[in-house]
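Have a look at the structure below, then the notes.
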Amino acid sequence: MPAVSEGARLLDGKSASRALLSQVSRAVAELTASGAPPPKLAVVLAGDDPASQVYTARKTKIAIETGLLSERLTFPADVSESVLLGEIERLNANPTVHGVLIQLPLPAHLSTARILAAVDPAKDVDGFHPLNLGRLLAGDLPPALPCTPSGMMTLLNSYDIPLAGRHAVIVGRSTIVGKPMALLLLHANATVTLCHSKTRDLPAVCRQADILVAAVGSAGLITADYVQPGAVVLDVGINRSADGRLTGDADFESACRNAGWITPVPGGVGPMTIAALMANTLALYRASRSS
Ligand code: GUN
């Protein structure tokens, strides 16, 4: 973990994720002790993207360590859409499965929209089904919210970072992170600006942020020049540098000169995403048993 310079304090995702995972694990232990079947997460991976292989293996491993059941279903890069849709149908119909995750990105020949829409909304552990995205937009939050934004909100809450009335600036408008994060921050009464590749004078917009979320996949983009003194910086980037190290979308040392709080990479947002996924699986399990 990099050293924090100047006055920036670390938002420690490792520690906050351990706290969330131990809550989930205790709840699962209580369920199983009472004779109930454990929640189960199914992870679907199509193709051989190396990062997706690592992420999905980590998701199933942590699920099992948390006391959940988990299964990883892998398909070759040339899998047909009908085969994948058939598998999703089987998972939808399987009462022992409570959460279904389709790892993104999917191979280019598959329609991401059609595949995500095929997942039973009640088992949509990522909150990517159009029905659940619509509920998020309407402010009627579904039990499972997109994991990275949800993990970031948990991290902000665990450090008692106030959000109401604060200006949050998000860099990156993906459906996985930027757009749902904008909606969650809006739901928490922040004033939200969503930036993207066409935004004019990005550093000036970012300098207005009390909370700055960097989710563009551009290593080291966010330097001190983008950060208002005292701002909270959440770094979603996971970029592999030439020497094999993981770096974020922030230039950590430079951003620390102005940030009040900052997430490291690794050990910041990443662990929160996985812990949020486990909490989502438990939430869908509970929702399935109360309906
Ligand atoms: N690919 C990158 N991030 C995510 C995520 O949060 N969920 C899924 N399913 N795929 C991803």
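When a ligand or atom number is given, it counts from 1 through the structure's own listing order.
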Could you list which atoms of ligand 1 come closer than 4.0 Å to a heavy atom of Ile102? 8 (C), 9 (N)
Which is it for Leu104 and ligand 1 at heavy atoms under 4.0 Å: side chain, backbone, both or neither? both
Whether the side chain of Asn132 engages the backbone of Pro142 through a donor-acceptor N/O pair (distance < 3.5 Å, no angle test) should be reported. no
Quick one: which of Asp124, Val43, Leu91 gives a side chain to side chain contact (heavy atoms under 4.5 Å, CB included) with Val100? Leu91
contact_flag Phe128 ligand 1 heavy-atom lt 4.0 Å: yes
Where on Leu101 is there a heavy atom closer than 4.0 Å to ligand 1, on the side chain, on the backbone, on both, or on neither? side chain
Would you say Asp249's side chain and Leu221's backbone share a donor-acceptor pair under 3.5 angstrom? no
Salt bridge between Glu65 and Lys61, side-chain N to carboxylate O under 4.0 Å? yes
Would you call Asp12 and Lys14 a salt bridge, using N to O less than 4.0 angstrom? no
Identify which of Val44, Val43, Leu106, Asp126 has a heavy atom lying nearest to atom 8 (C) of ligand 1. Asp126
Give the residue, atom name and distance (to 0.1 Å) of the protein heavy atom nearest atom 3 (N) of ligand 1. Ile176 CG2, 3.9 Å
